[in-house]
There are 2 protein chains.
Amino acid sequence: MYQPKLEKDIRCPLEYGLQIFGGKWKSRIICVLAEKGVLRYSSLRKEMVNITDAVLAATLKELMADQIIERQSYDEIPPRVEYHLTHKGKSVIPILQSICRWSGVYHRENSQSVISQCQKCDYKFKTE
Amino acid sequence: MYQPKLEKDIRCPLEYGLQIFGGKWKSRIICVLAEKGVLRYSSLRKEMVNITDAVLAATLKELMADQIIERQSYDEIPPRVEYHLTHKGKSVIPILQSICRWSGVYHRENSQSVISQCQKCDYKFKTE
DNA sequence: CTGGATCCTGCTCGATACTG
DNA sequence: CAGTATCGAGCAGGATCCAG
(Lines give C-alpha, C1' and ligand atoms only; values in the text may rest on other atoms or scores of the structure.)
Protein backbone atom coordinates (compact mmCIF):
# COMPACT_ATOMS: atom_id res chain seq x y z
CA MET A 1 0.00 0.00 0.00
CA TYR A 2 1.11 3.52 -0.71
CA GLN A 3 2.40 5.00 2.52
CA PRO A 4 2.44 8.75 3.13
CA LYS A 5 5.55 10.28 4.57
CA LEU A 6 6.28 9.45 8.18
CA GLU A 7 8.71 12.05 9.45
CA LYS A 8 7.49 15.49 8.57
CA ASP A 9 10.21 17.88 9.76
CA ILE A 10 7.69 20.65 10.20
CA ARG A 11 9.45 23.68 11.60
CA CYS A 12 6.68 26.24 11.81
CA PRO A 13 2.98 26.78 11.12
CA LEU A 14 3.79 27.88 7.60
CA GLU A 15 5.14 24.47 6.78
CA TYR A 16 2.19 22.78 8.41
CA GLY A 17 -0.02 24.73 6.05
CA LEU A 18 2.04 23.95 2.99
CA GLN A 19 1.87 20.29 3.86
CA ILE A 20 -1.92 20.42 3.99
CA PHE A 21 -2.48 21.49 0.39
CA GLY A 22 0.97 20.86 -1.10
CA GLY A 23 1.94 17.82 -3.09
CA LYS A 24 0.71 16.84 -6.48
CA TRP A 25 -2.96 16.09 -5.85
CA LYS A 26 -4.22 17.76 -2.70
CA SER A 27 -4.81 21.23 -4.09
CA ARG A 28 -6.55 19.74 -7.10
CA ILE A 29 -8.91 17.73 -4.94
CA ILE A 30 -9.70 20.74 -2.79
CA CYS A 31 -10.33 22.84 -5.89
CA VAL A 32 -12.67 20.35 -7.45
CA LEU A 33 -14.61 19.81 -4.25
CA ALA A 34 -14.85 23.55 -3.79
CA GLU A 35 -16.35 23.80 -7.23
CA LYS A 36 -18.62 20.76 -7.23
CA GLY A 37 -19.54 20.58 -3.56
CA VAL A 38 -20.03 16.83 -3.20
CA LEU A 39 -18.44 14.13 -5.34
CA ARG A 40 -18.43 10.38 -5.44
CA TYR A 41 -15.19 8.49 -5.53
CA SER A 42 -15.49 7.66 -9.21
CA SER A 43 -16.40 11.21 -10.18
CA LEU A 44 -13.46 12.49 -8.23
CA ARG A 45 -11.16 10.12 -10.06
CA LYS A 46 -12.53 11.28 -13.38
CA GLU A 47 -11.94 14.93 -12.47
CA MET A 48 -8.35 14.28 -11.40
CA VAL A 49 -7.30 12.95 -14.81
CA ASN A 50 -4.73 10.15 -14.75
CA ILE A 51 -4.66 9.59 -11.00
CA THR A 52 -4.56 5.95 -9.96
CA ASP A 53 -6.75 4.39 -7.31
CA ALA A 54 -3.84 3.72 -4.99
CA VAL A 55 -2.77 7.34 -5.00
CA LEU A 56 -6.26 8.79 -4.91
CA ALA A 57 -7.31 6.64 -1.97
CA ALA A 58 -4.13 7.48 -0.05
CA THR A 59 -4.49 11.21 -0.74
CA LEU A 60 -8.09 11.18 0.40
CA LYS A 61 -6.98 9.49 3.60
CA GLU A 62 -4.41 12.17 4.25
CA LEU A 63 -6.94 14.91 3.63
CA MET A 64 -9.35 13.20 6.01
CA ALA A 65 -6.66 12.83 8.65
CA ASP A 66 -6.04 16.57 8.37
CA GLN A 67 -9.79 17.15 8.56
CA ILE A 68 -9.93 18.90 5.21
CA ILE A 69 -12.53 16.60 3.70
CA GLU A 70 -15.21 14.30 5.07
CA ARG A 71 -16.31 10.93 3.84
CA GLN A 72 -19.89 9.79 3.81
CA SER A 73 -20.75 6.24 2.82
CA TYR A 74 -24.26 5.02 2.10
CA ASP A 75 -25.29 1.46 2.76
CA GLU A 76 -26.41 0.63 -0.74
CA ILE A 77 -25.78 -1.86 -3.48
CA PRO A 78 -23.78 -0.89 -5.43
CA PRO A 79 -21.82 0.97 -2.74
CA ARG A 80 -21.82 4.74 -2.78
CA VAL A 81 -19.27 6.98 -1.09
CA GLU A 82 -19.25 10.74 -1.24
CA TYR A 83 -16.66 13.28 -0.26
CA HIS A 84 -17.04 16.93 0.62
CA LEU A 85 -15.03 19.72 2.21
CA THR A 86 -15.22 20.30 5.93
CA HIS A 87 -15.44 23.75 7.43
CA LYS A 88 -11.69 23.66 7.84
CA GLY A 89 -11.35 22.57 4.24
CA LYS A 90 -13.44 25.46 3.00
CA SER A 91 -11.32 27.85 5.00
CA VAL A 92 -8.27 27.13 2.85
CA ILE A 93 -10.04 28.24 -0.32
CA PRO A 94 -9.26 31.95 0.20
CA ILE A 95 -5.60 31.03 0.54
CA LEU A 96 -5.60 29.06 -2.69
CA GLN A 97 -7.40 31.92 -4.37
CA SER A 98 -4.78 34.41 -3.23
CA ILE A 99 -2.02 32.18 -4.59
CA CYS A 100 -3.96 31.99 -7.84
CA ARG A 101 -4.24 35.73 -8.06
CA TRP A 102 -0.58 36.22 -7.24
CA SER A 103 0.40 33.76 -9.96
CA GLY A 104 -1.87 35.48 -12.42
CA VAL A 105 0.19 38.61 -12.03
CA TYR A 106 3.53 36.93 -12.63
CA HIS A 107 3.15 33.77 -14.66
CA ARG A 108 2.89 35.63 -17.96
CA GLU A 109 6.41 36.92 -17.44
CA ASN A 110 7.53 33.33 -17.40
CA SER A 111 9.04 32.33 -20.71
CA GLN A 112 7.65 28.81 -20.85
CA SER A 113 3.93 29.23 -20.80
CA VAL A 114 3.21 25.80 -19.43
CA ILE A 115 0.07 27.09 -17.86
CA SER A 116 -2.41 26.29 -20.55
CA GLN A 117 -5.15 24.08 -19.20
CA CYS A 118 -6.88 26.88 -17.32
CA GLN A 119 -5.83 30.46 -17.64
CA LYS A 120 -7.74 31.63 -14.63
CA CYS A 121 -8.79 29.05 -12.11
CA ASP A 122 -10.88 31.38 -10.01
CA TYR A 123 -13.86 29.86 -11.75
CA LYS A 124 -13.18 26.73 -9.74
CA PHE A 125 -14.22 28.37 -6.54
CA LYS A 126 -17.91 28.86 -6.12
CA THR A 127 -18.43 32.01 -4.14
CA GLU A 128 -21.27 30.58 -2.18
CA MET B 1 24.76 17.42 -9.51
CA TYR B 2 21.31 17.66 -8.10
CA GLN B 3 18.85 18.15 -10.93
CA PRO B 4 15.51 19.82 -10.31
CA LYS B 5 12.41 18.30 -11.81
CA LEU B 6 12.09 18.51 -15.56
CA GLU B 7 8.43 17.98 -16.38
CA LYS B 8 6.26 20.11 -14.18
CA ASP B 9 2.68 19.12 -15.02
CA ILE B 10 1.43 22.55 -14.02
CA ARG B 11 -2.27 22.70 -14.68
CA CYS B 12 -3.17 26.17 -13.46
CA PRO B 13 -1.75 29.34 -11.90
CA LEU B 14 -2.36 27.92 -8.45
CA GLU B 15 0.09 25.12 -9.11
CA TYR B 16 2.59 27.51 -10.58
CA GLY B 17 2.48 29.39 -7.30
CA LEU B 18 2.79 26.30 -5.17
CA GLN B 19 5.81 25.28 -7.16
CA ILE B 20 7.48 28.62 -6.48
CA PHE B 21 7.54 28.34 -2.69
CA GLY B 22 6.68 24.67 -2.20
CA GLY B 23 9.20 21.95 -1.53
CA LYS B 24 11.34 21.49 1.49
CA TRP B 25 13.63 24.52 1.41
CA LYS B 26 12.16 27.30 -0.72
CA SER B 27 9.79 28.72 1.84
CA ARG B 28 12.51 28.63 4.46
CA ILE B 29 14.91 30.56 2.28
CA ILE B 30 12.29 33.16 1.47
CA CYS B 31 11.43 33.50 5.16
CA VAL B 32 15.01 33.98 6.23
CA LEU B 33 15.74 36.49 3.50
CA ALA B 34 12.57 38.35 4.36
CA GLU B 35 13.78 38.57 7.92
CA LYS B 36 17.45 39.31 7.37
CA GLY B 37 17.30 41.24 4.12
CA VAL B 38 20.66 40.28 2.65
CA LEU B 39 22.63 37.13 3.39
CA ARG B 40 25.84 35.58 2.20
CA TYR B 41 25.94 32.02 1.01
CA SER B 42 27.53 30.73 4.18
CA SER B 43 25.13 32.60 6.45
CA LEU B 44 22.24 31.26 4.49
CA ARG B 45 23.52 27.73 4.92
CA LYS B 46 23.87 28.26 8.63
CA GLU B 47 20.31 29.54 8.91
CA MET B 48 18.90 26.59 7.01
CA VAL B 49 20.23 24.01 9.49
CA ASN B 50 21.35 20.70 7.97
CA ILE B 51 21.06 21.69 4.35
CA THR B 52 23.92 20.48 2.17
CA ASP B 53 25.76 22.57 -0.38
CA ALA B 54 24.46 20.55 -3.29
CA VAL B 55 20.85 21.12 -2.29
CA LEU B 56 21.30 24.73 -1.23
CA ALA B 57 23.04 25.71 -4.46
CA ALA B 58 20.40 23.97 -6.57
CA THR B 59 17.54 25.54 -4.64
CA LEU B 60 19.05 29.00 -4.97
CA LYS B 61 19.32 28.44 -8.72
CA GLU B 62 15.67 27.52 -8.94
CA LEU B 63 14.66 30.59 -6.97
CA MET B 64 16.79 32.75 -9.23
CA ALA B 65 15.28 31.17 -12.33
CA ASP B 66 11.85 32.04 -10.96
CA GLN B 67 13.10 35.55 -10.19
CA ILE B 68 12.35 35.26 -6.50
CA ILE B 69 15.88 36.06 -5.33
CA GLU B 70 18.83 37.89 -6.80
CA ARG B 71 22.49 37.08 -6.56
CA GLN B 72 25.21 39.68 -6.20
CA SER B 73 28.83 38.66 -6.28
CA TYR B 74 31.70 40.92 -5.32
CA ASP B 75 35.09 40.58 -6.91
CA GLU B 76 37.03 40.03 -3.71
CA ILE B 77 39.41 37.57 -2.14
CA PRO B 78 37.99 35.62 -0.41
CA PRO B 79 34.95 35.63 -2.68
CA ARG B 80 31.73 37.13 -1.41
CA VAL B 81 28.27 36.40 -2.74
CA GLU B 82 25.08 37.83 -1.35
CA TYR B 83 21.46 36.94 -1.91
CA HIS B 84 18.36 39.04 -1.44
CA LEU B 85 14.69 38.94 -2.40
CA THR B 86 13.54 40.57 -5.60
CA HIS B 87 10.38 42.64 -5.79
CA LYS B 88 8.58 39.53 -6.96
CA GLY B 89 10.09 37.61 -4.07
CA LYS B 90 8.87 40.15 -1.55
CA SER B 91 5.41 39.96 -3.04
CA VAL B 92 5.01 36.37 -1.89
CA ILE B 93 5.55 37.26 1.75
CA PRO B 94 1.91 38.26 2.35
CA ILE B 95 0.86 34.88 0.99
CA LEU B 96 3.20 33.02 3.31
CA GLN B 97 1.95 35.14 6.18
CA SER B 98 -1.64 34.27 5.41
CA ILE B 99 -0.77 30.57 5.37
CA CYS B 100 0.96 31.10 8.70
CA ARG B 101 -2.06 32.75 10.19
CA TRP B 102 -4.39 30.08 8.87
CA SER B 103 -2.21 27.36 10.36
CA GLY B 104 -2.10 29.17 13.66
CA VAL B 105 -5.85 28.78 13.92
CA TYR B 106 -5.85 25.05 13.21
CA HIS B 107 -2.59 23.43 14.10
CA ARG B 108 -3.38 23.23 17.80
CA GLU B 109 -6.25 20.90 17.04
CA ASN B 110 -3.72 18.55 15.54
CA SER B 111 -2.90 15.75 17.93
CA GLN B 112 0.79 15.49 17.17
CA SER B 113 2.19 18.90 18.02
CA VAL B 114 5.22 18.62 15.80
CA ILE B 115 5.29 22.36 15.47
CA SER B 116 7.73 23.26 18.14
CA GLN B 117 10.64 25.18 16.71
CA CYS B 118 8.71 28.40 16.28
CA GLN B 119 5.20 28.81 17.55
CA LYS B 120 4.49 31.92 15.59
CA CYS B 121 6.66 32.66 12.62
CA ASP B 122 5.22 36.05 11.90
CA TYR B 123 8.29 37.44 13.56
CA LYS B 124 10.20 36.27 10.53
CA PHE B 125 8.57 38.83 8.32
CA LYS B 126 9.76 42.34 8.81
CA THR B 127 6.89 44.64 8.07
CA GLU B 128 9.08 47.19 6.41
C1' DC C 1 -18.40 0.78 -7.14
C1' DT C 2 -14.84 1.67 -3.90
C1' DG C 3 -11.07 0.91 -2.95
C1' DG C 4 -6.79 -2.63 -1.00
C1' DA C 5 -2.39 -5.20 -2.07
C1' DT C 6 1.72 -5.52 -4.36
C1' DC C 7 5.43 -4.21 -6.99
C1' DC C 8 8.02 -0.67 -9.29
C1' DT C 9 9.91 3.92 -11.25
C1' DG C 10 12.02 8.12 -10.84
C1' DC C 11 12.58 12.23 -8.62
C1' DT C 12 14.00 14.78 -4.34
C1' DC C 13 17.10 15.22 -1.27
C1' DG C 14 21.43 13.85 1.30
C1' DA C 15 26.63 12.61 2.00
C1' DT C 16 31.05 13.18 0.69
C1' DA C 17 34.88 14.84 -1.82
C1' DC C 18 36.91 18.34 -4.35
C1' DT C 19 38.11 23.15 -6.72
C1' DG C 20 38.98 28.33 -8.25
C1' DC D 1 34.33 31.29 0.62
C1' DA D 2 31.21 29.61 -2.53
C1' DG D 3 30.23 26.56 -4.74
C1' DT D 4 30.53 21.77 -8.30
C1' DA D 5 30.83 16.58 -9.10
C1' DT D 6 29.47 12.22 -8.02
C1' DC D 7 27.07 8.66 -5.82
C1' DG D 8 23.25 6.88 -3.61
C1' DA D 9 19.03 6.37 -0.33
C1' DG D 10 14.38 6.94 0.45
C1' DC D 11 10.01 8.42 -0.54
C1' DA D 12 6.18 10.34 -3.54
C1' DG D 13 3.74 8.73 -6.86
C1' DG D 14 2.50 5.09 -10.68
C1' DA D 15 0.94 0.31 -12.75
C1' DT D 16 -1.46 -3.60 -12.26
C1' DC D 17 -4.29 -6.96 -10.29
C1' DC D 18 -7.80 -8.15 -7.18
C1' DA D 19 -11.64 -8.14 -3.47
C1' DG D 20 -15.96 -6.93 -0.71
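Each chain gets a letter, A, B and so on, in the order the sequences are listed, and its residues count up from 1. Only this structure's heavy atoms are used, side chains among them; waters, hydrogens and symmetry mates stay out.
- To the nearest 0.5 Å, atom CG of residue Asn50(A) and atom CG of residue Leu56(A) are 12.5 Å apart.
- Dashed line: the shortest gap from a side-chain N or O of Lys24(A) to OP1 or OP2 of dG14(D) is under 4.0 Å.
- Protein atom CD of Gln19(B) is 10 Å distant from nucleotide atom P of dT12(C), rounded to whole Å.
- For the segment residues 41-50 of chain B, the set of residues with a heavy atom within less than 4.0 Å of an atom of DNA chain D comprises Tyr41(B), Ser42(B), in numerical order.
- One atom, CG of Leu60(A), and another, P of dT2(C), lie 11 Å apart when rounded to the nearest Å.
- The aromatic rings of Tyr41(B) and Tyr83(B) sit tilted, their planes meeting at an angle between 30° and 60°.
- Checking each of Lys26(B), Glu62(B), Lys88(B), Lys90(B) against Ile68(B) for a side chain to side chain contact (heavy atoms under 4.5 Å, CB included) leaves exactly one that passes, namely Lys88(B).
- Taking the side chain as every heavy atom from C-beta outward, Arg45(B) and Ser42(B) approach each other to under 4.5 Å.
- Distance from the side chain of Arg40(A) is smallest to dT2(C) among dG14(D), dG14(C), dT2(C).
- One finds no side-chain N or O of Lys61(B) lying less than 4.0 angstrom from the OP1 or OP2 phosphate oxygen of dG3(D).
- Side-chain proximity of Trp25(A) to dG3(D), dG14(C), dG14(D): nearest is dG14(D).
- Distance from the side chain of Thr52(A) is smallest for dA15(D) among the nucleotides dG13(D), dA15(D), dG4(C).
- Salt bridge absent: Arg11(A) and Glu15(A) never bring a charged side-chain N and a carboxylate O closer than 4.0 Å.
- One atom, CD1 of Ile51(B), and another, P of dT16(C), lie 16 Å apart when rounded to the nearest Å.
- Residues passing the side chain to side chain donor-acceptor pair (under 3.5 Å) test with Arg71(A), sequence neighbours excluded: none.
- In this structure, CG of Leu39(A) is placed 15 Å from C1' of dC1(C), rounded to the nearest angstrom.
- Regarding Leu56(B), its CG atom lies at a distance of 17 Å from the P atom of dT16(C), rounded to whole Å.
- The side chain of Ala54(A) has dT16(D) as its nearest neighbour among dT16(D), dT4(D), dT2(C).
- Looking only at distances, a side-chain donor or acceptor of Ser103(A) sits under 3.5 Å from a matching main-chain atom of Gly17(B).
- Counting only heavy atoms from C-beta outward, the side chains of Ile30(B) and Ile69(B) never approach each other to under 4.5 Å.
- Between the CG atom of Asp53(B) and the P atom of dA5(D) there is a distance of 13 Å, rounded to whole Å.
- Looking at Gln72(B) and Glu70(B), their side chains never come closer than 4.5 Å, going by heavy atoms from C-beta outward.
- If you take OH of Tyr83(A) and P of dC1(C), they are 15 Å apart, rounded to a whole angstrom.
- Heavy-atom distances under 4.0 Å link DNA chain D to Pro79(A) of residues 68-81 of chain A, given in residue order.
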